[in-house]
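Scroll down for the structure; my scribbles are underneath it.
Lettering follows sequence order; numbering is per chain, from 1. Computation of the quantities below employed the complete heavy-atom set of this structure, encompassing side-chain atoms and omitting hydrogens, waters and symmetry-equivalent molecules.
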Protein chains: 2
Amino acid sequence: MNRSASIKDVANHASVAVGTVSNVLNYPDRVSQRTKERVLRAIDELGFVRNDAARQLRAGHSRTIGLIVLDVGNPFFTSVVRAAEDAAALQGSAVLLGDSGHDAGREANYIDLFQEQRVQGLLISPVGDVSERLDLLRERGVPTVLVDRLADEDKFSSVAVDDDAGGYLAARHLLDTGRRRLAFVGGSTSIRQVADRLQGAQRAVKEEPEATLEVLVSEGQTVLAGRSVGNILVERDRAALPDGIFCANDLLALGVMQSLTMTHTLRIPEDIALIGYDDIDFAVSAVVPLSSIRQPTEALGRTAIELLAEEVEAQHPRHRAVIFTPELVVRQSTAAPSAG
Amino acid sequence: MNRSASIKDVANHASVAVGTVSNVLNYPDRVSQRTKERVLRAIDELGFVRNDAARQLRAGHSRTIGLIVLDVGNPFFTSVVRAAEDAAALQGSAVLLGDSGHDAGREANYIDLFQEQRVQGLLISPVGDVSERLDLLRERGVPTVLVDRLADEDKFSSVAVDDDAGGYLAARHLLDTGRRRLAFVGGSTSIRQVADRLQGAQRAVKEEPEATLEVLVSEGQTVLAGRSVGNILVERDRAALPDGIFCANDLLALGVMQSLTMTHTLRIPEDIALIGYDDIDFAVSAVVPLSSIRQPTEALGRTAIELLAEEVEAQHPRHRAVIFTPELVVRQSTAAPSAG
DNA sequence: TCGTAACAATGAAACGATTCAAAGATTCGC
DNA sequence: GCGAATCTTTGAATCGTTTCATTGTTACGA
């Protein structure tokens with residue numbers, strides 16, 4: 001119980017050499033049937049479990065990949081994590097997950113921890129700017145792929161989603177269903193995602209001469225912030241109201257939906273169409289099922305692992321930036337208005 | 001770049017013995033100021049990072065704790081994980097997180113992986129029954145604490161939340177605010193949590209002679225399932241309606257809320273009070289802010305780590321089962337009706 | 001100046017798995 | 001029955017740390 005059995009114990013118990021036990025574990029074909037059975041029995045009887053530390057020490061590297069995300073609670077990352085785990089499992093690696101919680105200190109701790117663990121490489125959705133900490137990783141030769149953040153291809157590979165394209169998709173969809181007086185609701189445009197989604201929306205609006213896009217800045221990106229914006233809107237003259245609203249995320253959209261439907265005078269989608277972004281679980285079960293833009297999180301996670309594998313294998317890695325295009329999910333909240 | 005610097009490289013570079021470098025890292029007081037500086041400079045110049053595998057091999061155990069949860073996406077577990085990480089950090093350990101996704105196969109993989117890693121111990125929220133896999137861990141002497149699941153104290157320590165008490169709290173609150181015709185909405189009572197919460201509610205109702213409790217079984221525990229139940233309710237005669245509804249989780253409650261408020265004839269909380277369970281983020285930002293029962297997730301995570309530490313230290317561990325009582329969070333959805 | 005105590009530095013041994021050259025056993029054709 | 005070829009098994013060396021008994025150094029009081 002105290003000290004767990006080692007390969008040497010197994011060897012003694014089965015009366016073979018340690019090398020043979022190792023062969024049974026790693027190259028079973030090299031070992032005769034009889035011996036194999038004896039060894040396996042011994043392993044079973046002693047409850048032997050390989051010591052990964054020793055294995056790894058000898059091998060010089062681990063079979064794990066470090067993954068540091070900004071917030072495991074965020075469904076976007078949860079989904080990326082799951083995809084990355086599955087993709088890693090396929091190539092025989094395990095993922096060590098770290099949650100930085102947007103905190104640079106925690107991020108640094110995980111980077112250090114993972115380096116000490118000699119992970120094969122690192123997937124990271126970095127806090128703030130791509131910092132010196134990451135440059136240090138590069139110098140140390142730790143293969144690294146940035147997730148949900150574009151990077152200079154001289155320095156890192158990266159996977160990201162094209163937020164401009166997502167914004168375009170959303171606005172184009174509102175225009176395609178006949179809306180012309182659009183509004184964009186988002187937090188500060190100092191958040192890159194918000195700025196990009198807005199930019200894409202503006203691009204779409206420019207394609208329709210008579211279409212307009214009003215920008216409403218919310219205080220944060222929560223349901224409550226959305227409700228505040230909605231409350232301001234319902235005060236307006238009917239004529240001054242937008243007929244299509246694009247929110248920078250689903251939480252905002254759900255908040256706006258609450259305000260608009262609470263008054264019982266405005267109908268979604270007949271009077272105002274509403275589309276969000278992220279396609280969270282709640283979108284489908286909103287009072288009026290919410291149209292949204294879905295990000296290809298599975299592809300992100302899988303591709304991140306694949307890019308990392310490239311980095312690990314290549315001697316002189318040529319970094320790549322892979323950008324995914326999000327997808328429009330149409331639900332009732334943007335159904336075409338019944339009359340022309 | 002190829003092979004990272006070892007303690008031996010550092011020793012050469014600083015012209016000291018390897019033991020001295022080790023002392024600088026682990027017992028800085030044993031080393032003279034001059035030497036320490038030379039060594040630290042060498043570490044810096046070579047970009048030396050401790051190899052944890054070697055450390056661990058020598059030590060015989062790692063400084064990590066394995067944590068396997070049923071679903072990292074579930075806010076309950078996310079919160080437990082975070083608390084466990086913080087508590088572990090305090091005692092100098094790191095947490096390796098595994099997400100079984102309710103899948104026994106994935107759970108088994110993580111158990112194996114963590115055993116190979118020689119984790120100090122394991123926190124696990126097990127899939128299905130406490131199985132032979134866990135018994136095996138016990139035989140192997142891997143300290144294990146069950147999370148969110150009571151266990152035989154002969155076998156394991158455990159931390160859990162008292163769902164019966166939670167159910168009692170919720171129903172008692174409805175009764176205290178004057179409601180007498182209560183309804184319970186939940187999925188199948190074959191789910192332990194559902195059964196316990198119902199039982200607690202029944203206990204509270206029995207305390208009031210004229211109070212009644214009707215049980216409505218939903219198909220699943222989602223917003224949509226809640227909406228279905230709500231839709232059935234609004235069809236009823238006003239007189240046959242409950243005046244207080246307790247849902248086995250917040251998703252169900254939000255769904256019920258959607259149905260009731262959509263009709264515009266029933267008001268929450270004036271006509272019907274509504275309370276959920278879990279206190280998810282969405283509860284506070286619902287159309288009518290939702291009262292709920294909050295589970296002490298931080299305490300769960302922290303205590304789990306503490307119990308594990310006890311197991312690790314004690315030679316002949318006496319297992320303990322710690323049960324937490326949840327907490328009532330009152331919001332608008334159960335405000336006392338304006339008139340008596 | 002010497003002996004002793006306190007302090008610093010040394011380096012071999014150990015942790016447990018994998019590797020691989022070498023030795024030993026078996027099979028086969030003739 | 002013999003040599004060659006093939007298949008098995010062996011065990012020492014190795015990975016990078018930590019530990020610890022030992023040796024070397026310094027300081028100080030008598």
Quiz item: Closer than 4.0 Å, any side-chain N/O of Y27(A) to the OP1 or OP2 of dT8(D)?
Solution: no

Quiz item: Considering the options E310(A), E311(A), R318(A), E306(A), which one meets the side-chain hydrogen bond (donor to acceptor under 3.5 Å, both in side chains) requirement together with S157(A)?
Solution: E311(A)

Quiz item: Where the side chain of S6(A) is defined as all heavy atoms beyond and including C-beta, which of dT18(D), dG16(C), dT10(C) is the nearest nucleotide?
Solution: dG16(C)

Practice problem: Could you check how far CG of D52(B) sits from P of dC15(D), rounded to whole Å? | Solution: 19 Å

Quiz item: Ignoring hydrogens and angles, does a donor from either the side chain of R58(A) or the base of dT18(C) sit under 3.5 Å from an acceptor on the other?
Solution: yes

Quiz item: Between dG16(D), dT17(D), dA9(C), which nucleotide gets closest to the side-chain atoms of I7(B)?
Solution: dT17(D)

Practice problem: May I ask you to say what N26(B) touches in the nucleic acid, namely base, sugar-phosphate or nothing, with a heavy-atom cut-off under 4.0 Å? | Solution: sugar-phosphate

Quiz item: Hey, does V21(A) reach any base, or is it just sugar-phosphate, or nothing, if we go heavy atoms under 4.0 Å?
Solution: nothing

Quiz item: Tell me: CZ of R63(A) to C1' of dA17(C), nearest whole Å?
Solution: 12 Å

Quiz item: Would you say the side chains of R118(A) and Q56(A) form a donor-acceptor pair under 3.5 Å?
Solution: no

Self-check item: Gap between atoms CZ and P, on R38(B) and dA9(C) respectively (whole Å)
Solution: 8 Å

Quiz prompt | Between dC7(C) (C1') and R34(B) (CZ): distance, integer Å | solution = 15 Å

Practice problem: Using whole Å, report how far CG of L25(B) lies from C1' of dT17(D). | Solution: 10 Å

Quiz item: Given that A54(A) and G19(A) both sit by DNA chain D, which one's nearest nucleotide is further toward the 5' end?
Solution: G19(A)

Quiz item: On DNA chain C, nearest-nucleotide positions of T20(B) versus K8(A): which is more 5'?
Solution: T20(B)

Practice problem: Examine distances only and state if a side-chain atom of D9(B) and a backbone atom of S6(B) form a donor-acceptor pair shorter than 3.5 Å. | Solution: yes

Exercise. From the options dT19(C), dT10(C), dG11(D), select the nucleotide whose nearest atom is closest to the side chain of A17(A).
Key: dG11(D)

Quiz prompt | Contact under 4.0 Å: R50(B) side-chain N or O vs dT18(D) OP1/OP2 | solution = yes

Quiz item: Taking for each residue the nucleotide of DNA chain D with the nearest heavy atom, is it R30(B) or A53(B) whose nucleotide lies nearer the 5' end?
Solution: A53(B)

Quiz item: Does dC7(C) have OP1 or OP2 sitting under 4.0 Å from an N or O in the side chain of S32(B)?
Solution: no

Quiz prompt | Nearest-Å distance for atom pair CZ/P, residues R55(A) and dG16(D) | solution = 18 Å

Self-check item: Residue pairs involving residues 65-94 of chain A (criterion salt bridge (Lys or Arg N to Asp or Glu O under 4.0 Å); sequence neighbours excluded)
Solution: D71(A)-R82(B), R82(A)-D71(B), R82(A)-D99(B), E85(A)-R106(B), D86(A)-R106(B)

Quiz prompt | Protein-nucleotide distance (R118(B), atom CZ; dG16(C), atom P), rounded to Å | solution = 8 Å

Quiz item: Is there a side-chain polar atom (N or O) of N51(A) under 4.0 Å from OP1 or OP2 of dA17(C)?
Solution: no

Exercise. Could you state the atom-to-atom distance from CD of Q33(B) to P of dA9(C) in whole Å?
Key: 11 Å

Quiz prompt | V147(A) backbone acceptor or donor facing S158(A) side chain under 3.5 Å | solution = no

Exercise. Could you tell me whether a side-chain N or O of S100(A) sits under 3.5 Å from a main-chain N or O of V69(A), the two making a donor and an acceptor?
Key: yes

